[in-house]
Amino acid sequence: MNLFAEIKTLVLENLNVLVTEGVLPDGLNYANVAVEPPRDALHGDMATNAAMVLAKPAKMKPRDIADALAVKLAEDPRVLSADVAGPGFLNLRLDPALWFGIVIEALSNGTDFGRSKMGAGVKVNVEFASCNPTGPLHVGHTRGAVFGDALAGLLDFAGYDVTREYYINDGGAQVDVLARSAYERYREANGLEPEIVEDLYPGDYLIPVGEALKEKYGDSLIDQSESVWLEDLREFSTDMMMDLIRSDLAALGVTMDVFFSEKSLYGTGKIEAALDDLDAKGLIYEGVLEPPKGKLPEGWEAREQTLFKSTEHGDDVDRPVKKSDGDWTYFAPDIAYHYDKVQRGFDELIDVFGADHGGYVKRMKAAVSALSDSKVPLDIKLCQLVKLYKNGEPFKMSKRAGTFVLLRDVVDQVGPDVTRFIMLTRKNDAPLDFDLAKALEQSKDNPVFYVQYAHARVNSVLTKAGNAGIDATDTALSSSDLTLLKHPAELALTQKLAEWPRLLETAGKTHEPHRIAFYLYELASEFHALQHLGKVEPDMRFIQTDCPEQTLARLALIRAVAVAIAAGLGILGVTPAKEMR
RNA sequence: GCACCCGUAGCUCAGCUGGAUAGAGCGCUGCCCUCCGAAGGCAGAGGUCGCGCGUUCGAAUCGCGCCGGGUGCACCA
């Protein structure tokens, strides 16, 4: 139940009543009518802008509409008062029982608290973490992996039918480089000196691949020409790299539903089929691209190529799908891949890319738009860079890869829960500073700790209550008399709790899981304040031994807070802590 | 030269798709433990929301133009 949605429905119903009574004209558009928490709690429990939004189309003064609407709304038993304020805001004060309903809901739904049907089972494909299968995941990939997984979790919670998908870039030249690099490690395993020339991958993670190759081939490939082994080694080493990547993802708690191989698009007619589809729509032609404006790239020359008319779908220039020698460009299999996703019946597509792929967004959207006749929206989320620090100092070195920091280096140091939460404390398109030392710090400026601390504290209080012989099970708490919660801080916390279902839907609509992290921090903050109140005012302590009814009501509230935290953390893929150590 | 992202308190960032007096953490100042976890809480100081026009009853939010920072810009992936 989303209380805000419920009240909005009430507002809309009464607007219609005003229409039938002739107070308001017919045919008004209610799209911009909103019911939200007021900025200042003094204004009331909820506010609606209906009068101001409708004033102009209805050709009436906002206050006149507000007055008429206020009278109607006040007739509903749920509404205690409806006051017009300012230019035409309508401030509503609601029956507290309505708010307490949210507590009961939390207690009865557990970690499903806030689960929404908003998505209505719409099939969404979230593709993320798709890095080249040429090595382990590094920090940059980690952010994309966490973001994608959390977004998928969020959409699932919001009622979508979600598929988590990984696109294996195993079709391009980078896989040849991988095979050659592995070959050198294979020579090394056979006691020879590896020649890791500049263009090859230097990482130690290929040493086990070399050893595995020796295991399989002995020394039979030594001194053989590339044509003999390249094909086999490509497959062998990408398989091993994918195992590595899968285990990296597992260390982070990410499980994919589908691994889609780029290679499977070649020689199977799939690329051709996708381009035929575009061709049939008149979007493929042979032509020569204009040189880019400004300074020319070195060695630029006019070339006739097969082009996709992406400009018809919002791109800035048309894009080549074939090189001048007739090979596919990297764009061609990507088109085919997205064509495949459309064919598989997804209603919405989401791609999570690194920020360095920003230039790729328009053409990919153009392709999906063309392939799906504008029926399947593609949202591309770009994840900005992660800057790693340790105690304020830039953290750069990796023992295993040499040049960059690996996902493992981070997860091994701070654990998957902390890694995930911190990665979500920024909007995806904002850069992120990640301090490995601060991440483990147990203080207020570490949001993970602060939220976990609130959850653990509730747990601790409930344990204490149990030890004191109080039945603090969820069913017992559900039947407590919540109207005993009268203190402003208790009501404020209840209302914060009531925002959860609404916040979740907003986060789901905007594809912004970070909103959950921020909400949990705010919720934790309000809880900590209430808990502290007990120190200043002893009769505000949760457990009142001489008043079991009051105790139960308070325990119900804080248990509901813990439930919301657990639900939110669950979406983000973080395990709620029962105690802090 | 073009495209995309960003510009909010000294620092790091939120800001609920246009609402009321713009928020949080850190840092700074001052308070609060005869303990349900002080690993915390309360209060104060601190802002021309990069700049300028425009749309609107109403703009940090939308549009346009600048300024500043980042990223990417022909067959590489």
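Everything quoted here is computed from the prediction, not taken from an experiment. Letters A, B, ... are given to chains in the order of the sequence lines, protein chains preceding strands, and every chain is numbered from 1.
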Any donor-acceptor pair under 3.5 Å between the side chain of A:Arg319 and the base of B:A74?
no
How many Å lie between NZ on A:Lys387 and P on B:C11, as a whole number?
14 Å
Atom-pair distance (CD1 on A:Ile65; C1' on B:C57), nearest Å
12 Å
Please give the distance between the P atoms of B:U8 and B:G15 as a whole number of Å.
14 Å
If I take atom CG in residue A:Asp316 and atom P in nucleotide B:C2, what distance separates them, rounded to the nearest angstrom?
12 Å
Quick one: classify the glycosidic conformation of B:C53 as syn or anti, with syn meaning within 90° of 0.
anti
Return yes if a side-chain donor-acceptor contact under 3.5 Å exists between A:Asp318 and A:Tyr285, otherwise no.
yes
Side-chain donor/acceptor contact of A:Asn91 with base of B:A20 under 3.5 Å:
yes
When the ring planes of A:Tyr453 and A:Phe449 are compared, do they come out parallel, tilted or perpendicular, using 30° and 60° as the limits?
parallel
Within less than 4.0 Å of OP1 or OP2 of B:G40, is there a side-chain N or O belonging to A:Lys444?
no
Rounding to an integer number of angstrom, what distance separates B:G47 and B:G23 when you compare their P atoms?
14 Å
Can a side-chain donor-acceptor contact be found between A:His528 and A:Arg457 if the only test is distance below 3.5 angstrom?
yes
Determine the contact category for A:Thr329: base if any of its heavy atoms lies under 4.0 Å from a base atom, sugar-phosphate if only primed atoms, P, OP1 or OP2 are that close, otherwise nothing.
sugar-phosphate
Minimal heavy-atom distance between A:Ala129 and A:Leu137, with the atoms involved, is O-CD2, 4.5 Å
Does B:G19 pair with anything, Watson-Crick or G-U wobble, both distances under 3.5 Å, and if so, with which nucleotide?
B:C57
Would you mind telling me which residue lines up with the more 5' stretch of RNA chain B, A:Gln174 or A:Leu385, judged by nearest nucleotide?
A:Leu385
Need one value for A:Asp327: base, sugar-phosphate or nothing, where a base atom within 4.0 Å counts as base even if backbone is also close, heavy atoms only.
nothing
Minimum-distance nucleotide (side-chain atoms of A:Ala85 versus B:G40, B:A20, B:C75):
B:A20
Answer with base, sugar-phosphate or nothing: what part of the nucleic acid does A:Tyr521 contact at a heavy-atom distance below 4.0 Å?
sugar-phosphate
Taking the P atom in each of B:G44 and B:C49, what is the distance between them to the nearest angstrom?
22 Å
Per-nt protein contacts along nucleotides 12-18 of chain B (heavy atom under 4.0 Å; B base, S backbone sugar-phosphate only, - none) come out as SSSSBB-
For A:Asp471 and A:Thr473, does a side-chain donor sit closer than 3.5 Å to a side-chain acceptor?
yes
Just to verify, which of A:Val11, A:Asn91, A:Leu3 counts as forming a side-chain contact (heavy atoms from CB on, under 4.5 Å) with A:Met46?
A:Leu3
Base, sugar-phosphate, or nothing: which does A:Lys322 touch, judged by heavy atoms less than 4.0 Å apart?
nothing
Which value, in whole Å, describes the distance between the P atoms of nucleotides B:C6 and B:C13?
13 Å
Complementary nucleotide for B:G27 - Watson-Crick or wobble, under 3.5 Å:
none
Please state how far atom CZ in A:Phe542 lies from atom P in B:G41, giving the value in whole angstrom units.
13 Å
Between CG of A:Leu54 and P of B:G58 the distance, given in whole Å, is 17 Å
With rounding to whole Å, what would you report as the distance between B:G10 and B:U21 at their C1' atoms?
23 Å
Pair A:Asp539, A:Gln544: side-chain N/O donor-acceptor within cut-off below 3.5 Å:
no
Watson-Crick or G-U wobble partner of B:G65, both distances under 3.5 Å:
B:C51
Please determine if a side-chain N or O atom of A:Lys362 lies less than 4.0 Å away from the OP1 or OP2 oxygen of B:C73.
no
When you compare B:A22 with B:C32, how far apart are their P atoms, in angstrom units rounded to a whole number?
31 Å
Using the P atoms only, state how far B:G19 lies from B:G65, rounded to an integer number of Å.
25 Å
Can you tell me if the side-chain N/O atoms of A:Gln544 get under 4.0 Å from OP1 or OP2 in B:C36?
no
Have A:His43 and A:Asp83 got a donor and an acceptor in their side chains that come within less than 3.5 Å?
no
Rounding to an integer number of angstrom, what distance separates B:A14 and B:G50 when you compare their P atoms?
14 Å
A:Ser443 near the nucleic acid: base, sugar-phosphate alone, or nothing, with a heavy-atom cut-off under 4.0 Å?
sugar-phosphate
Tell me what A:Tyr450 touches on the nucleic acid: a base, only sugar-phosphate, or nothing, going by heavy atoms under 4.0 Å.
sugar-phosphate
Length of the CG-P vector between A:Asn446 and B:G25, whole Å:
15 Å
Hunt down the Watson-Crick or G-U wobble partner of B:G40, both distances under 3.5 Å, from any strand shown, or write none.
B:C32
Can you check the A:Phe527 CZ to B:A38 P distance for me, whole Å?
10 Å
Applying ring-ring contact (aromatic ring centres under 6.0 Å, His included) between A:Tyr337 and each of A:Phe331, A:Tyr167, A:Tyr330, report the one that passes.
A:Tyr167
Tell me whether the side-chain N/O atoms of A:Arg457 come closer than 4.0 Å to OP1 or OP2 in B:A38.
yes
Quick check: closest heavy atoms across A:Lys323 and A:Gln305, and the distance to 0.1 Å?
CA-NE2, 4.0 Å
Is A:Arg554 close enough and on-axis enough to A:Phe542, meaning under 6.0 Å and within 45°, for cation-pi?
no
Please tell me which of A:Trp328 and A:Asp356 maps to the more 5' nucleotide of RNA chain B, matching each residue to the nucleotide holding its nearest heavy atom.
A:Asp356
Nucleotide paired to B:A3 in any strand shown, Watson-Crick or G-U, under 3.5 Å
B:U71
Show me the protein contacts with nucleotides 28-33 of chain B, counting only N or O atoms at under 3.5 Å.
none

Side chains of A:Glu235 and A:Thr238: any donor to acceptor distance under 3.5 Å?
no
Are A:Leu424 and A:Phe421 side-chain neighbours, meaning at least one heavy-atom pair lies under 4.5 Å?
no
So, does A:Tyr330 get its side chain near the phosphate of B:C75, meaning an N or O under 4.0 Å from OP1 or OP2?
yes
Taking any heavy-atom pair under 4.0 Å as a contact, classify A:Val53: base, sugar-phosphate, or nothing.
base
With sugar-phosphate meaning primed atoms plus P, OP1 and OP2, does A:Glu301 contact a base, only sugar-phosphate, or nothing at under 4.0 Å between heavy atoms?
base
Strand partner of B:A45, provided both Watson-Crick or wobble distances fall under 3.5 Å:
none
A:His528 side-chain proximity, nearest of B:C36, B:G40, B:C57
B:G40
Run A:Phe147 and A:Phe128 through ring-ring contact (aromatic ring centres under 6.0 Å, His included) and show every step you take.
CA-CA 8 Å; A:Phe147 177 84; A:Phe128 62 103; 8.9 Å; no
Heavy atoms only, 4.0 Å cut-off, all strands: where does A:Gly534 land among base, sugar-phosphate and nothing?
base
Send over the distance from A:Phe331 CZ to B:C73 P, rounded to a whole Å.
15 Å
